[in-house]
Asker: 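Questions regarding the structure given below will be posed in turn.
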Amino acid sequence: MRVVFDTNVIVSALTFDGTPRRLLNLARHGRFQLVLSPFILKEISRVLTKKFSWEAKTVVMTLQKLSSIADVAEPGIRISVIKNDEADNRILECGIAGDAAIIVSGDTKHILPIRNYQGIKILSPIEFLSVLES
């Protein structure tokens with residue numbers, strides 16, 4: 001199963017204990033194929049550096065580790081489904097380009113309310129963990 005993690009899920013997994021970290025560990029152990037894009041990796045770098053004051057060297061090493069366990073998909077299309085936050089469209093684009101079955105997001109304003117985009121389920125981390133456990 002191919003799964004996109006939104007930036008907020010990855011950042012949560014890297015900085016806090018909880019469901020996102022558990023999900024990232026399951027990806028590391030091959031339970032599903034994590035799919036990311038250059039945009040998501042760049043956003044992770046920006047958030048870890050600016051919001052969490054991570055050192056550049058640590059960010060680079062973390063992105064290398066993430067890239068080694070993920071399939072990095074290069075979206076070939078631009079969409080504009082989410083009008084209030086254009087960057088959230090990049091997550092949907094990654095799902096399409098990466099042939100994902102699921103997008104996991106913590107974005108309750110823009111992404112989660114969509115629930116399904118072109119056959120891609122959109123779930124919260126807890127909902128996705130439930131899918132994996134069933």
Asker: Is Glu74 close to Ser37 at the side-chain level, that is, under 4.5 Å between some pair of heavy atoms?
Answerer: no
Asker: Hey, what's the ring geometry for Phe5 with Phe32, parallel, tilted or perpendicular (30° and 60° as the breaks)?
Answerer: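 The arrangement is tilted - the two ring planes meet at 30° to 60°.
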Asker: Quick check against the 3.5 Å criterion: does Arg31 have a side-chain atom that pairs as donor or acceptor with the backbone of Leu26?
Answerer: no
Asker: Quick check: do Thr15 and Leu48 have side-chain heavy atoms less than 4.5 Å from each other?
Answerer: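 In contact.
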Asker: Taking all non-hydrogen atoms of both residues, which atom of Arg21 and which atom of Ala13 are closest, and how far apart?
Answerer: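 Looking at all heavy atoms of both residues, the shortest contact is NE-O, 2.9 Å.
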Asker: Answer yes or no: is there a side-chain heavy-atom contact under 4.5 Å between Arg90 and Ile40?
Answerer: no
Asker: So do the side chains of Ile91 and Ile82 get within less than 4.5 Å of each other, counting heavy atoms only?
Answerer: no
Asker: Examine distances only and state if a side-chain atom of Thr58 and a backbone atom of Trp54 form a donor-acceptor pair shorter than 3.5 Å.
Answerer: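 No, Thr58 side chain to Trp54 backbone: no donor-acceptor pair under 3.5 Å.
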Asker: Using a strict 4.0 Å threshold on nitrogen-to-oxygen distance, state whether Arg115 and Glu127 make a salt bridge.
Answerer: yes
Asker: Taking the side chain as every heavy atom from C-beta outward, state whether Pro75 and Ile96 have any atom pair closer than 4.5 Å.
Answerer: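 Contact flag for Pro75/Ile96 side chains = no.
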Asker: Between Leu14 and Leu24, does the side-chain contact (heavy atoms from CB on, under 4.5 Å) criterion hold? Intermediate values first, please.
Answerer: CA-CA 9 Å; Leu14 296 171; Leu24 185 57; 4.0 Å; yes
Asker: What I'd like to find out is whether the side chain of Val3 reaches to under 4.5 Å of the side chain of Val35, using heavy atoms alone.
Answerer: no
Asker: Verify the cluster assignment for Ile102 and Leu132: are they in a single hydrophobic cluster under the rule of side-chain heavy atoms below 4.5 Å apart?
Answerer: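 Same cluster.
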Asker: For the CD atom of Gln64 and the CD1 atom of Ile69, what is their distance to the nearest 0.5 Å?
Answerer: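 One finds 13.5 Å between CD of Gln64 and CD1 of Ile69.
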Asker: Please give me the minimum heavy-atom distance between Cys94 and Val4, naming the atom from each residue.
Answerer: SG-CG2, 3.8 Å
Asker: Do the non-hydrogen side-chain atoms of Val9 and Phe128 ever get within less than 4.5 Å of each other?
Answerer: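 Of all side-chain heavy-atom pairs linking Phe128 with Val9, none is under 4.5 Å.
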Asker: When hydrophobic residues are tied together by side-chain contacts of less than 4.5 Å, even through go-betweens, does Val60 share a cluster with Val11?
Answerer: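 Cluster IDs for Val60 and Val11 differ.
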Asker: Before giving the answer on side-chain contact (heavy atoms from CB on, under 4.5 Å), spell out for Lys121 and Ile103 the whole-Å C-alpha distance, their side-chain angles and the decisive distance to 0.1 Å.
Answerer: CA-CA 6 Å; Lys121 290 181 185 176; Ile103 293 172; over 6 Å; no
Asker: With distance as the sole test, does Ser134 use its side chain to make a donor-acceptor pair with the main-chain N or O of Val131 at under 3.5 Å?
Answerer: yes
Asker: To the nearest 0.5 angstrom, please state how far the NZ atom of Lys42 sits from the CG atom of Leu63.
Answerer: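 Answer for the NZ-CG pair, Lys42 versus Leu63, is 12.5 Å.
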Asker: Of the options Val104, Leu112, Leu129, which is the one that meets Ser124 in a side-chain contact (heavy atoms from CB on, under 4.5 Å)?
Answerer: Leu112
Asker: Going from OG1 on Thr108 to CD1 on Ile111, what distance comes out if it is rounded to the nearest 0.5 angstrom?
Answerer: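 One gets 10.5 Å once the value is rounded to the nearest 0.5 Å.
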Asker: Mind checking whether Phe16 and Ile44 sit in one hydrophobic cluster, side chains of I, L, V, M, F, W, Y counted as touching below 4.5 Å?
Answerer: yes
Asker: Please tell me whether Ile79 and Ile122 are part of a single hydrophobic cluster in this structure, the criterion being side-chain heavy atoms less than 4.5 Å apart.
Answerer: yes
Asker: Which distance, rounded to the nearest 0.5 Å, do you find between the CG of Leu34 and the CG of Leu23?
Answerer: 10.0 Å
Asker: Shortest non-hydrogen contact from Val72 to Pro38?
Answerer: CG1-CD, 3.8 Å
Asker: Does Leu92 reach the side chain of Asp88, with side-chain heavy atoms less than 4.5 Å apart?
Answerer: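 Of all side-chain heavy-atom pairs linking Asp88 with Leu92, none is under 4.5 Å.
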Asker: State whether the number of non-hydrogen atoms from other residues, nucleotides or ligands found under 6.0 Å of Glu55 atom CD is greater than 12.
Answerer: no
Asker: Determine whether Arg22 and Asn25 satisfy the following criterion, side-chain hydrogen bond (donor to acceptor under 3.5 Å, both in side chains), listing intermediate values before the conclusion.
Answerer: CA-CA 5 Å; Arg22 187 168 171 200; Asn25 285 334; over 6 Å; no
Asker: Should Arg78 and Asn89 be marked as a side-chain contact (heavy atoms from CB on, under 4.5 Å) after you check the CA-CA gap, both sets of side-chain angles, and the distance that decides it?
Answerer: CA-CA 8 Å; Arg78 294 284 279 196; Asn89 289 302; over 6 Å; no
Asker: Please say which of Ile10, Leu36, Thr7 ends up in a side-chain contact (heavy atoms from CB on, under 4.5 Å) with Leu41.
Answerer: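 Answer to the side-chain contact (heavy atoms from CB on, under 4.5 Å) test with Leu41 among Ile10, Leu36, Thr7: Leu36.
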Asker: I'd like to know if the side chain of Asp107 reaches the main chain of His110, judged simply by a donor and an acceptor atom lying under 3.5 Å from each other, with no hydrogens or angles considered.
Answerer: yes
Asker: Applying side-chain contact (heavy atoms from CB on, under 4.5 Å), run through Lys109 and Asn84 and close with a yes or a no.
Answerer: CA-CA 9 Å; Lys109 277 187 169 180; Asn84 297 334; over 6 Å; no
